[in-house]
Every structure is written in C-alpha cells, then in structure tokens.
Amino acid sequence: MSKEKASSSSSKMISLKSCDGFIFEVEASIVMKMQMLMNLIDGFDDIVTIPLPNVLGEHLAMIIEYCKYQEEAAIVTKEAKEKFEVDFVNGMSNVTLKHLIRAADYLDINSLFNFLTQVLADRIQDMGDDDED
Amino acid sequence: MNPTKPRCNFNSPSLFRSLTKPKSTQIQNINILFFIFIYLFIELMLSESVFCLLTEDLLIRILDRVNSDRKSLRLVCKEFHRVESTTRKTIRILRIEFLLGLLQKYCNIESLDLSVCPRIDDGAVSVLLSHGSVNWTRRIKRLVLSRATGLGYVGLEMLIRACPLLEAVDVSHCCGYGDREASALSCAVRLRELNMDKCLGVTDIGLAKIAVGCSKLESLSLKWCLEISDLGIDLLSKKCLELKFLDVSYLKVTSESLRSIASLLKLEVFIMVGCYLVDDVGLRFLEKGCPLLKAIDVSRCNCVSPSGLLSVISGHEGLEQMDARYCLSELSAPLINGLKNLNHLNIIRINGVRVSDFILQIIGTNCKSLVELGLSKCIGVTNMGIMQVVSGCGNLKTLDLTCCRSITDVAISTIANSCPNLACLKLESCDMVTEVGLYQLGLSCLMLEELDLTDCSGVNDIALKYISRCSELVRLKLGLCTNISDIGLAHIACNCTKLTELDLYRCVRIGDDGLAALATGCNKLTMLNLSYCNRMTDTGLKCISNLGELSDLELRAIPNITSIGIKAVAINCKRLANLDLKHCEKINDSGFWALAFYAQNLLQINMSYCNVSDHVLCLLMSNLKRLQDAKLVHLTNVTVQGLELALRSCCGRIKKVKLQSSLRFSISSEILETFNARGCKIRWD
C-alpha cells in the first residue's frame, strides 16, 4: 500500500471501493460521518483504501454526495437544504430508496438514515389502498 | 436453641491425636469442621435443622467438597438451596420461559450459556435488562451465544454493555452476523476470547472495529468468515498484539496475511486449515516471526509443500504440535531431517501422507515426548514402522491408524506392551487385527478410554472378552463388525461400566439378550447406535429404555420394533435429544403420540419413511418445544395439507427441515417464504 503524506488528517484523501469495483476519492472528514468507518480512520493512520463489499457503486456515489452536502450545509440556509433534499429523492424509485436505506444502516450514517426512512414513511402514508409497488 | 452437653468424650485418643498432630491449621480446621458436622447431625437430627448452626461461609466450604450434582443438592433443604443460589457460577438455560426467573435468582453467575435456548431475540434481551434489578450482569465473564440467530446487533450491544467484566464471548454459527454485530462486540473492552466461527457477514471492516475496540484480545477464531481478506488480518495484527491463539481456517487469505501474522510476537497457536491461497512463501514469513509459536495447523492447504513446512519447523525448535493432514503427498528428505530437531513435539498428525519405516523410525528416535500420533489413511504404514515408533515413544496416549490396512496383531501387541498409558486407539478398517492382538491390549492398556474398531472383520466375541478388561473404556465403536454377537456384548456390559458411547451399526447378530445385558451393566450410556440390527424387537427396546442418561439413539431400519418399544423409550429416557427412526415401518401413530407427549427434550428427529398420520405429525411438531431439526422425507400417510399444518405449527422454533423434492412445488410458496424469513432452512432430498 502506498502511503500518502498529508499535512493534516482532515485534508487526507481516502479511497472507498464499492463491491462492483468503483473507487471514490473522498476526504477523511466526510468518511468520518460514516460511524462504521470511523474506527478505521482513527485507529490506523496509514489506511488508504477501504473496501465496502456490501455497497454498490451507484449507491455509494449518492451517499457521498449527501455527506458532502451535509459538510457544507452549515453555511447554507434552511430552504436551500430542504430544496437539496427534495431534489435528492425526486424521482427515486422505491427499490433504490430501499437499497440506500440498507447502505446507510450498514455504514451507520444517522442523518441520512433518518432522512431516508422519513421519506419512505411519507411515501407509504401517501400510498392509497390499491396502490401496488 | 440450646446445645446439649456433648456425650462424646473429649479425651478420646483419636480426637486428641488429631488436634495435637503438627498438621497445617487449615487441615485442622477442616477436621474440626467435619467432627462438628457429624456430631451435630447425630445429636440433633431429629429436632431442628443442623445447618442453621453453621455460618454460611462454612457451609459453602463444606458443600464445595460434596461430589453430587447441583440439582439434587438444591433440593435437600432451604439452606442448601440458598447456598447453591449464591455460589452458582455457570448456568446453561434450556427454556426461554425460565430465563428471567433464573437470572434473578442466580445473581453471582460468571458464565451464561444461551446457545440451546431457542429463539432468544432482541426483545427478550431488552426485557431481561429492564426488569427490576439487573445485578446478574455484574459478574458475567463468559457469554455463550452460539447459534442464537435470533439475536441482532441491538440486543447484542445492550447485553454486552450491561456486562462490564466480560472476557469471553462465543457467537459461533450465527450465520447472519455481520459488521454491525462485530461493532457491538467491540464494545467489550476487556474481551480476551472471541469465537466468531461461521459469522458469514463479517468483513474486514467489522474485524477492524474489533481490533480497535478489544485490544486485549488473546484468542480469536474466524473460521469460515469468508469475507475477511488480507487487509483485515493486517489491521488485526497491528492492534491486537496480545494474541496467543488465532484460527483463520477456510478464509480466502493469501501469503501476504502471513507476513502480518508473523509480527504477532506472542502468538502460540496458529490454525489455518483449508487456506488454499496460502503457499510456501507465506510459511517462510513465519520462519523468522512468532518466536513463541507452539502449535501450527496447515491441514488441507493444497499449495503447501514440505519445504514450506520445513521453514516453520527450522524457525521453531520448541514446536509442540504439528498438524499437516491431507496437504502433503509425501515428506521430503530435508523435512525428515528437520523433524530430528523437534524434541519437544507432543502431537503430530500427518493423515493422508506417504510414510515409510525410515520416517517412523526417525520420529520414534527423536520425538520422545510424543503424546499423540495421527497416521490415518497414510500409505506405507507397516508393522515394522509402527513397532519402531512406539518403542521410542512410550508416552503415547492417542494413536490413529484408521485405514492402515497392513497392520496386524504383531503391531498391536507391540503397541500394547510399549505404551501402557494409551488412552485412544483408532483402528478403523484394520481387517487383519484379531483377538490375538486385542488380548495383549486388554492385558496392558488398562487406561484405554476410546477404541475404534469399525469395519474390523477380525473382531469376534472372544476379542470383545479380552477388550472388556479395559474397564476405563468410555467410547467404543464396533460398527460393521458382523462377527460379534450377544455373548461378546455381554462381556463388555459386565466390565466396562463407564461406557458412554457405543456404536453397533450393522452388527446384525446383536439381539435382545445383548441389549438386556447392556442396559444393566452400562447405565451411563448417552449415545447408542443400533441401526440395521435386525434381530432387535420391542423387548430389547424396553431394556434400552432403562438407560436414564440416553440422549442419542439411532434405530434405522429395524423391522421388528413397534410403538410399544418406542413408548417405553419416550417415557423413560427423559434426556433423549436425538432420535433416528428412518425406515422403521412398523411404528404407528401411538408410538409417535407417546414421543409428542413425553419426549420434551427432543432436539432432532428423523422420521423419514415412517407411518405417521396427519394429526399425529401436527401434534408432534407443535408439542415438542425444543425441536430444532426434523427429517420428514416420504411420509406416505401424510397429505400435503397435513404437512403444511405441521410446518406452520413449528415455524418460529425449528431451524432445519428435510422434505422430499417432489413436494417442492406442491407446498404453498407462502409457507416456504415464511420459513425463509424466520431463518429456517428447508433441505430437499
């Protein structure tokens, strides 16, 4: 494993590898939001690639996008945040939503998990009696 | 209560001697204690309880020495019951209904075993931990949750956080466990032993969490955790530096992981059975690493060759245990030379390899402290070779010569004369062994506990008479020995009273008389295999029912047994856990009804090809609350609806069911899906 020297841990780049082989370069601070991976970053200083055999590439991309937005969300207004969330799930099929919920549960990202489960709950509420999915 | 004047003479010489002899004070105290005990018992046994005169700590010390089982001790009197409750250290819970009550009563337990408690789940754990006082968790050091598939990561985390002193956890065979559960396990900061065999979902990330959280880990078993790769092992080796025992069998790790493992300075036992991606390069890393290595197991590693094993040996001359079963085809000359330096070797198992008299002579001359030798299915084992090994290794306790067909009575006699401490001898398929060799065995090896003579056609009644002289015999296998009859069995029954396991598979000349003798003589029997013993009838089965400790009984294809015999077994063998009645076609509903009503401890049953009807099958499956594995192939009198009803009634509890494949499309898919969702496996024959 090649070691990347970083000036501070927050700007260190970690590669996340999904189960179908896609590699995503993200900053360590974003990976820290994933509680499951937090120990890996803290405990092992020289880790560079983390394999995630339980998550598909496309879902991992969406999760990283959400986490990145969360990082910047402190300086953004509440309306902009809500608009992002609506856009995020707009047109998302139920199947993808379920996969994302499972991935968020595995990676232990509380904010994303709560958000997605609320979305699914809302959809169930809106569904009529004779709607099939 | 006023103590009356003692009638015993305090000047009696024996008492005076015992009080003034210069023994240690502790022995003096115990002597006095026992004297008081006996005196009080005689004086006051008619009036009041003796034991209220003794303080609790004295009572504890006395009862510690009493050798009977705890259950009968509890029932003697209230004081005993109270003492037993406070001193009980381990408990294994059988039924979930009693879980809460038992744990509140026994609050000093150190080891809790929930592996046979069916369907313990998160809800049960949260009830346990929220109900009133939870001081039962404060001392728990060991938690056995093997096969507790219903428990998820929420319940597991609650349980682990509630036990601050937890040192050992066993979650083996919880096949659905993954990284979330590993994360829950990493909360146990003091953890020293962890068994995660067959936790199929655990990946490198889960392993890393455990490595970071439990840095004091000394023993870790990861057999069959197939998702773990070199990265996980590398992370483990960086954090868990106290590791002494590591089992990575069947993992898809490569030689790179052995580079990391070599850096574990305290590693003593390393097991890597079936790691087919590891080769000699990996073993070369171990040569310079793990200085304290005492035991290595490279069985079934196809890419390992003698030179790899030689590297491990040359680096560790203090090696005590070497296992290389079914991986080498022969031992090279350098490896044989290397064996000469291993003077501390206790255990060698080289099953399946080609040996020669020369190799066995080297072992006999150099490995003088050998205690166990495994040569099962080895090619080239001859009488001369065996004689050379055993004459050098007089301390041998276990010798495995399964399928070494050239062995004759000469070798057995030499073994008997050279190894008086022999405890386990396996001679399966050694056809040329007869009563001549076994005579010597019966004379000299009186410590023999386990003897395997399966498929040895030379064994007859006279041979059994000679073997019966080994009165310490505990496990005896006589399967496929067609020349033995009731006479031989009677000899065994008379003298081998400690027998707990007996295998008489296809011993067709055994009949009711032999079984009557067995039932009288060997009352500690727990496992008995009588499959295909055609001469057996209900009379024999009634004798068998007198064996109160019987837990495993196999009665396949016995044509003459009927419900009368089965009823007797069901009523009297209260510990019956495993019953095989395949092809017993004369047993009808009344026999199975008796099983459904009386055999409440049954865990596994095989009823394939039996004549049971719909409603009795349903009764059986719903009444037997501990049943976990049922084989129901080809039940001719059972309709599809009846079978579905029976399956539905045991849906939440049962773990494995075997059905015939022709029913695969007749049974409603809804039932199949429910079974799948509840974690029950259906196998199709």
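Hydrogens, waters and symmetry mates play no part in the numbers below; they use all other heavy atoms, side chains included. Just so we're on the same page: letters track the sequence lines, and every chain starts at 1.
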Only pairs under 3.5 Å count here: list side-chain donor-acceptor contacts from residues 211-229 of chain B, not counting sequence neighbours, and write none if there are none.
from    : atom 1 : to      : atom 2 : distance (Å)
S221(B) : OG     : D197(B) : OD1    : 2.5
S229(B) : OG     : D204(B) : OD2    : 2.6
S229(B) : OG     : L231(B) : N      : 3.4

| Taking R180(B) for the side chain and M36(A) for the main chain, is one N or O donor matched with an acceptor at less than 3.5 Å? | no

| Within-4.5 Å side-chain heavy-atom neighbours: L52(A) and I205(B) | yes

| Which residues in residues 80-90 of chain A have any heavy atom lying under 4.5 Å from a heavy atom of chain B? | none

| task | Step through the shown structure and confirm whether more than 12 heavy atoms of other residues, nucleotides or ligands are within 6.0 Å of CZ on R123(A). | result | yes

| Is the number of heavy atoms from other residues, nucleotides or ligands within 6.0 Å of NZ (K198(B)) greater than 12? | no

| task | To the nearest 0.5 Å, tell me how far D108(A) CG sits from Y153(B) OH. | result | 7.0 Å

| Contacting region of P53(A) [heavy-atom separation from chain B under 4.5 Å] | side chain

| said: To the closest 0.5 Å, what do you measure between NZ (K209(B)) and CG (L37(A))? | reply: 8.0 Å

